[in-house]
Each structure stands twice: as C-alpha cells, then as structure tokens.
Peer 1: 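To start, I am sharing the structure in question, which I have written as structure tokens.
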Amino acid sequence: MAKTRAKKTPRIPAKSRIPAKSRTPNPKSQPYVYLFGKTRTDGNGGMKPLLGGKGAGLAEMCRIGLPVPPGFTITTEVCTYYYDHKRTYPSDLKAQMKAGLASIEKQTGKTFGDVKNPLLVSVRSGARDSMPGMMDTILNLGLNDQTVEALANKTGNARFAWDCYRRFVQMYGDVVLGVQKRPGEDHDPFETVIHDLKHERYHSDIEDTKLTADDLQELVRRFKALVKKRSGHDFPAAPWDQLMGAVGAVFGSWMNDRAIVYRRKYNIPSEWGTAVNVQAMVYGNTGDRSGSGVAFTRNPANGVKEFYGEFLINAQGEDVVAGVRTPEPVAGLKRHMPKAHRELERIRQTLEKHFKDVQDFEFTIEDEVVYMLQTRNGKRTAMAALKFSMDMFKEKLIDWKTAVMRNPADQLDQLLAPVFDASESAKVDAIATGLPAGPGAASGQIYLNADRAVAAAEKKQSVLLVRVETSPEDLRGMIAAEGILTARGGVSSHAALVARQMGKVCVCGASALDVDYQARTVTVNGQTYKEGDWLSIDGTAGKVFAGQVMTAPSEIVAGLLEGDAKAKATEKFKSFQQLMKWCDQATRMKVRTNADTPEQARNAIAFGAVGIGLCRTEHMFFEGDRIDAMREMILADTLAARRAALAKLLPYQRDDFAGIFRALGGYPATIRFLDPPLHEFLPHTKEQQADLAKKLRIPAEKIHQRVEQLHEFNPMLGFRGCRLGIDYPEISEMQARAVFEAAAIVQQEGIRVQPEIMIPLVGFKKELDLQLEVVHRVAKDVQAEKKVKLTYMVGTMIEVPRGALTADEIAQSAEFFSFGTNDLTQTALGMSRDDSGSFLPHYAELEIVKKNPFATIDATGVGQLVEIAVKKGRATRPGLKLGICGEHGGDPDSIRFFEKVGLDYVSASPYRVPVARLAAAQAALSAKRGAEP
Ligand code: ADP
Ligand code: MG
Ligand code: MG
C-alpha cells in the first residue's frame, strides 16, 4: 500500500479561475505539472477539468494504492495558454516538466535518454471526457539508436527492444510527423513497409509476434527512411526533442478538424482544452509472461456481476482493440497467469469499492506484474444500468437515491421495447437506415396502405406498415401493424408521434426506400420487395433488415400490461418496479399521460400515470362511421342540420369518455375540446369525395366546394382551437354534454370522476369566457337532468404567446393551465413544426439551435413564456394547477426545466410514462442536491 499524500499547493478552484489572458504572468505561483505515482500524487479524481479524465483517474488510482506507473499531467490550462499565446508555452513549463521527469526517474531508477538504463515514457492526451479526434497515444518515447541497444542489453531481450523501437517510430511518424496515408493510397505507408518486408523474407503475412529482432531492426531502418522521404527531416533522436514534439502534437490536435467537429456535435466548449499525460512505460511485449488488456468490473451489456474484458499475450498498447490478433476473454488469464489474474480480481474489487460505480479500465502485465493505465466510469446499456443500480444498492455500495440517478432516463425506453433475438440480428446486414423513432424490434409482412394492413392483420399476419409518410388516415393501419416504416419524416413526424404514443416500433425517414404505391413495391438499392414480403426494423438503432428477424416482447411490458406471471417473476421486471417505487419516493411532480382511448389510459396507469393530462377528442371522430357524422356536421348548411349531425356524434363521445373514466378509476382527466382545422376531417381525393357524396346523398360538387372553402393558407394559424367553438358553440355544447353525461353515468356506477375541460389555443380571456359560459350551462343542465352533483374544472391551454403574456387575466377565469408546448414552440419561434424538416437539421449543425426545439424545450426562449405564465397565473390564482402536455412532457431535459419552474405535473404518451417518472424523480433529486445529474 503506497503512502500517497498531496503536497499542499494552494490552488484556485477550477470554476473561479480567471481567463488565461487576464492572468498576471507570475509563473512561479502556477503549477502546470501535477505528479502522480507512489511517492507523491498532486491531483485527485475530482480534478477532471484541470487534469482531464485520464489524468484525474490516474491520480485517484495512485491515491488508493493501485499499481500505476509514475508520471505527470500537464494541465488543460497549458492548452488554453498555448492557444492564447500563439502556440507557445508558459515560461516555467519546461522546468516543471524536467522536475516531473526527475521524479519519474527517481521512482523507476531509470534515466531519460540514458545509454545504460533508459527511461521510456508514453505521451497520452486526455480531455475531460475521452474524445475521438484527439491525438493518439505515443508509446516508448525516448528510444533512439543508442538507447535501444541499452534497453536490449539491460533486458537481455533484443527482440523486445527493437519491437518497442519500431512501434515508437511508427506511432511518432504517424501522429507527430504526419506520415500518413495520402489521397489515392489504399494503405498506411508504415503498414505497407511491414507487409513488404514480411513478403520479402517469409513470402506470407506472418503475425507481428513472429518477426525477429533482425526483422524489427530492418523495419526501424526503413521506417526512418520513409519519414525522411515524406517529411524531409531526420527522425528526431534527442529524447527531450521527441517529448516536446509529442506534447506539441497533443495540444495541436485539440484544434484539428476531427476534434472540432466532435466538440461541435457534443457541445464541448473549446476553452476546456486537453491535458497531456507523460508516464513511465511498462511493457506488455516482453514475451509470454506479459500482455495488455481492457476490462470492465461488471458486464456492461447485460449488467451481470462478472469480470468482463479481454487481453492479448505479448502485446502493447492498443493491440487489443486494433483487431490484428484476436484477444482472449480475461477469464483465460486464470490459466496463463494465475497470479496476475488474482491481482486483477483484487483491483476489480478495489476499484468498485472506491469509485462505487462500474469501471472500464486498461491494464498491462509486465512479467506477471499488473499495472493500471486508465480507469473511468463504464458506458452501459439501459439493461446493464438497471442491474448495476439494483445490485450495487443491495451490496450497500450506493444508496437508493444514487441508484435512481444511475439510470439514464433517455435510455429507459430500451427496457420496454420488444427485442430482436441478439443471435439473429447479428447474422443480417441492414438494407437501409432512418431515424430510430420508436424503439424496439419488429418483423412483419409489408403493406403500403392502412386498409390492406388491417386486412392482413385480421388474417393474423404480422404486419409492417410502409409509407412514404403517415397521416391520421393511416391510424387504423398503424394500430394494426407491428411496426411502422416511413421513407420521409423526422422524430416529430406523425408516424413518430403516433409510434411513441402507442409504443409502436418505428423507423422513419429511411430515405433509401423507394415506395411505389401504384406498384405496391418498396425498392432499396435495386432490390424490390412486394406487399407480403418480410422486412424487419430495429427502432432502437434505426435500421431496416430484409426478411424476418425473430422478436420477443419486453418482460416489463408483458408483466405490467398483460399481467404475465412469468414475466413478473423475472429479475428485469422486479428491478424495474423497484426503480419506479424509488422514483415515487423522490419525485415532486406528478406524471400524467396523453391518452385518447380507454386502452391507452389503462396502459399508462399500468406504467404509473396518475391521470390524463391530454385527451385529444378529435381522435375519436376518425374511427369507423363516426367520421361520416363528423363530415355531415361540417358540410351542414344550417344550425339545425349541424345539430342533427352532432346528435349522432354525442353517443359515441359519451361512450368513449365513459370508457376513459372507468379506465382511470378515479384519476383526473384533462379533456381538450376540438382543436384541429375542419378541413382535416374532409376527404381530399376525387374518389373519396364521390364516395362520401353517395353515402350522404348530396352532390359531390358540394363536398368539393366545401373543401375548397375550408382550404387555408396557414391552417396552423387558421380556423382552429377555441375559434371553432366560438363560431360554432353547438360543437362545444355537444362535447360538454358528452363529458358530463359520461361523468354522471360512471359516477353512478360508484367510480370517482374528475373531468377537467380544457379550452385550446386561448390568447384572450374573452375567448375562454365565451366557452366557459357554454360549459357551465351544459354542466348545470346535465346535473339537473341526471340528478347528480359533479365536480369538474375548466381551464385552458397556454400555447400562444399572448396567452402566456396575459396569464394574469386568463387565470381569473381558468382553474388550471396546461402548457401546450408544441404549439407554444411553433408560435413563439414562428416555425412550423411540420415544415421545419427542411431547415432545422442545418440549424442544428450550425448550432443556431442546440437541440430540436420540438423535442427539447427551448428553455431560454420559449421557456421564458412558460415562466411568465407561471408567475402571472399564480399571482392571480395562488393554487392554480399547472401542467404540460406537449411532446416535451416525455423528454428528460425538458422535464428538468419543468421541475425548475415548479409545474405540478407533466403529461407524456403512455409508453413514455416510465421515462417521465424517472426524469421527474431525477430532476427533484438533483434540485435538492443543487447539482445536475
Ligand atoms: P486512449 O485514450 O486511446 O485510450 P491511452 O492513452 O489510454 O489512449 O493509451 C492507449 C493504450 O496505450 C493504453 O490502454 C495502454 O495499453 C497503452 N499505454 C499508455 N501508456 C502506457 C504506459 N505508460 N505503459 C504501457 N502502456 C501504455
Ligand atoms: Mg485508454
Ligand atoms: Mg395545440
């Protein structure tokens, strides 16, 4: 056990540091180099901003006594300085690096550049989080024609020494001197040299480990010649020059194109900079008692508590991941090197006990002695995250709150999705890719229209509905289908929205598909699939496969929705239930659901919703013959004719509401009155119009005229929302009657009913008042007729800016607000969601918007309107109930914002309810901790 102790150096906390430019140039007071090792470690695991992820991890491992080769970290501040000062270093850096080297020399007994016992080092980049695009690690730095001989003599292993040297020249030549594949070349030039030598001398592609010391020496000679030819310079021989060259290359790589693109994509500010780690080499390539590997403390795919990873005998660095040789599972070490295996097992325990999370680590074994080279929290699937959190709680490594935080909310729906049999999907190649809009796996016979999809499903076929894009008319087909595949449309397209609401597997915008409705075929890359042919889609990965890939439903869905006893007995199911129970303990906000049918409501409640936050009544007008009555109402010329048509709709709506109230079993239901423009209900093709004309016994011309008449240039901002009910109060009257009659019926059955009627698109208090008058009047009538006393509320959606800005006035009349953040985003941004596909992706690339504002609430812009409405609304009516029912209600980032502004509940589509519960619980927990998760 090492006695590690930080030398007390007074340091300014990272956050409050002044920008490099305004810092007073007093280099003496500024530590640029942090040592780590057995004798002294300056940093610790919490210093990622200053030391980078790798440097902080190395320091922390030293502190807990793990065997780490000594070294030092040059801080990220030097990177910032470097770019602020025309690519130069602070004057004191050199001296501090020399002191660092001296410390390594002392601990290893080796000397940098020595011709008897030379110290070799690795130079490793290290941003806060590992970042592709950054400079590759350089190993064995310090070798030249003299030190290589010394290394050979000292170890008595010339092959090893020359193997190190050829690796060094190759890596340094590539990443520092830029000797790389040129345009038009098929192979890496160094690899070409190796290939040629193998064929000259052995006439075949022998393994690298079979190359002799002499072969390797010849490779070094040819590599150096290659470097000279390509770069015009001799390969640097002086170790110090080599070191400074490598350090410069790391800092230089912070601004290379790949790194810049990556940072842009993941929103990493360029001010963060990278650190550089310089570390004594340990050697995995000395022979069969050495090796190198990567491992996880537990299985990151399924979460099982087992030592998981792989290693290669007689290998260095990233040979393991390079795929040149096939590595062996770490369990194999038990046979090869039992002592090293035991040591790694001990380290595995130590890491978990200390970091209290699953670690992903890199190690090297030199002559059976294990060295640690890196550790970090391991990336994991949702399944593994769940199991880790449950197991670690049981092992008392973490408390229940931490367990909740350990499950990424945006990954949770992976657990609910049906799954492809892993062994099956590995066998097939994707034929196209699109947006992963509805997670899960689905296999089915393809159909290109809703009717044929429904007919096929009725014949017990597994159906995949394939469309260019979907519309409300396809709803029946979508319900009948196992999965939905579209060639056009984004995450907020109709197909994606419905898929989420129904928990359907969906890939949308798979643009490689050529969908021919006429021929009833789908063509991809010259291959044509006819209706009835099989395709499979992976809505988690956004992939399309040819043929049938087997699937199975998630145990959680089977257990919760179908009451499947076997599923309920699974560990996955029980863990999920435990997690949700903890969420309820932690949360402040309630989670409701967006549901239009009793079945959706039942599902959502099974997933833990405590009410409906949005019931879109218009969806009830599409099913079966109802659409005919609806169309009759729209086509009616007189009030009397309209009322007659509405009277036909009333029983349908009443039954629907009664079903929903029963399914809710006492939970509240927010019911929105008719919202979409009327033209959406009318048939648009000639044939459909003729068909309807026949049914209603009116001339087709009349239908055509009415459709023309209802045409709007801008339907989103047209005759819709409460504007409909204000012009045609009889519609609202019918809807109110349906709600209250259903409430009376169900209440008389002994079930509590809490209707909350919601008036959409209100921008003026007067609009709401006019509708309120209708609702209260009908309520009074129904209560008198049915001789019951009903409790209900009337409120409004806040979804246009004027509504938000005048919330104080509107709250005089509204008993609750529900933020319709879909329309609020559209109207605040002046951006039509359905038309945003043509420019929004480019906006995201240019970082005009950080995330799709229709998926994650624009907190700085649209969020202000929400905050204003919350403040003004509650000022007028202190107990005002506040919720949100846009798509954002199921988005974890948005939910964090809604927690912050103090909403009472969020409403999400049924299959997003667990995600919302988890996100709401995490938001509450981190609000308490005052920290982000
Ligand atoms: P990356 O960020 O790509 O993981 P690393 O800096 O971790 O790059 O280096 C890659 C590999 O190089 C390590 O996993 C380790 O095997 C090897 N390596 C790095 N430094 C040393 C060292 N001092 N001694 C031996 N091997 C090293
Ligand atoms: Mg690494
Ligand atoms: Mg709306």
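Position 1 is the first residue of the sequence, and the numbers go up from there. Just so it is clear, the model here is predicted, and its values are computed rather than measured. As the structure lists them, so they are numbered: ligands from 1, and atoms in each ligand from 1.
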Peer 1: Between Gln374 and ligand 1, which part of the residue brings a heavy atom under 4.0 Å of the ligand: side chain, backbone, both or neither?
Peer 2: side chain
Peer 1: I'd like to know if the side chain of Ser292 pairs up with that of Gln316 as donor and acceptor (distance under 3.5 Å, no hydrogens or angles considered).
Peer 2: no
Peer 1: Count the heavy atoms of every other residue, nucleotide or ligand shown that sit under 6.0 Å from NZ of Lys543, and state whether that count exceeds 12.
Peer 2: no
Peer 1: Could you tell me whether ligand 1 has any atom less than 4.0 Å away from a heavy atom of Gln316?
Peer 2: no
Peer 1: Which residue holds the protein heavy atom closest to atom 5 (P) of ligand 1, what is that atom called, and what is the gap in Å?
Peer 2: Thr137 OG1, 3.1 Å
Peer 1: Distance under 6.0 Å and angle within 45° of the ring axis: does Arg263 meet both against Trp254?
Peer 2: yes
Peer 1: Can you tell me which residue and heavy atom of the protein come closest to atom 13 (C) of ligand 1, and the distance to 0.1 Å?
Peer 2: Glu362 OE1, 3.3 Å
Peer 1: Can we say Asp234 and Lys224 salt-bridge, meaning some charged N sits less than 4.0 Å from an Asp/Glu carboxylate O?
Peer 2: no
Peer 1: In the protein, what heavy atom is nearest to atom 23 (N) of ligand 1, and what distance, to one decimal place, separates them?
Peer 2: Ala280 O, 2.9 Å
Peer 1: Is it the case that ligand 1 has an N or O less than 3.5 angstrom from some N or O of Arg124?
Peer 2: yes
Peer 1: Is it true that the NZ or CZ of Lys98 lies under 6.0 Å from the centre of Trp240's six-membered ring and within 45 degrees of the ring axis?
Peer 2: yes
Peer 1: Could you work out, for atom 18 (N) of ligand 1, the closest of Leu139, Ile138, Leu141 by heavy-atom distance?
Peer 2: Leu139
Peer 1: Tell me whether the centres of the aromatic rings in Phe72 and Phe36 are closer together than 6.0 Å.
Peer 2: no
Peer 1: With the Mg ion (ligand 2) at the center, what angle do OE2 from Glu362 and OE1 from Gln374 span, rounded to 10 degrees?
Peer 2: 100°
Peer 1: Within less than 2.8 Å of the Mg ion (ligand 2), any N, O or S from Thr137?
Peer 2: no
Peer 1: Can you check whether Phe363 has an N/O within less than 3.5 Å of an N/O in ligand 1?
Peer 2: no
Peer 1: Is Arg222 salt-bridged to Glu218, going by a charged N under 4.0 Å from an acidic O?
Peer 2: yes
Peer 1: Side chain or backbone, does Ser122 bring an N or O within less than 3.5 Å of an N or O on ligand 1?
Peer 2: yes
Peer 1: Could you tell me whether Glu345 and Arg342 make a salt bridge, using a distance below 4.0 angstrom between a side-chain N and a carboxylate O?
Peer 2: no
Peer 1: Could you identify the single nearest non-hydrogen protein atom to atom 12 (O) of ligand 1 and state the distance to 0.1 Å?
Peer 2: Gly317 CA, 3.6 Å
Peer 1: How far is atom 25 (C) of ligand 1 from its nearest protein heavy atom, and which residue and atom is that?
Peer 2: Val282 O, 3.0 Å
Peer 1: Nearest protein heavy-atom contact for atom 2 (O) of ligand 1: which residue, which atom, what distance?
Peer 2: Lys54 NZ, 2.7 Å
Peer 1: Heavy-atom distances under 4.0 Å decide this one: backbone, side chain, both or neither, for Leu373 against ligand 1?
Peer 2: side chain
Peer 1: So is Pro69 close enough to ligand 1, meaning a heavy atom under 4.0 angstrom away?
Peer 2: no
Peer 1: Between Phe223 and Phe190, is the gap from one ring center to the other below 6.0 Å?
Peer 2: yes
Peer 1: For the residue pair Met372 and Ile347, what are the closest heavy atoms and their distance?
Peer 2: SD-CG2, 3.7 Å
Peer 1: Please state which protein non-hydrogen atom is closest to atom 11 (C) of ligand 1 and give its distance, to 0.1 Å?
Peer 2: Glu318 CG, 3.5 Å
Peer 1: At under 4.0 Å between heavy atoms, is it the side chain or the backbone of Gln279 that contacts ligand 1, or both, or neither?
Peer 2: both
Peer 1: Give a yes or no on whether Asp205 atom CG has more than 12 heavy-atom contacts from other residues, nucleotides or ligands under 6.0 Å away.
Peer 2: yes
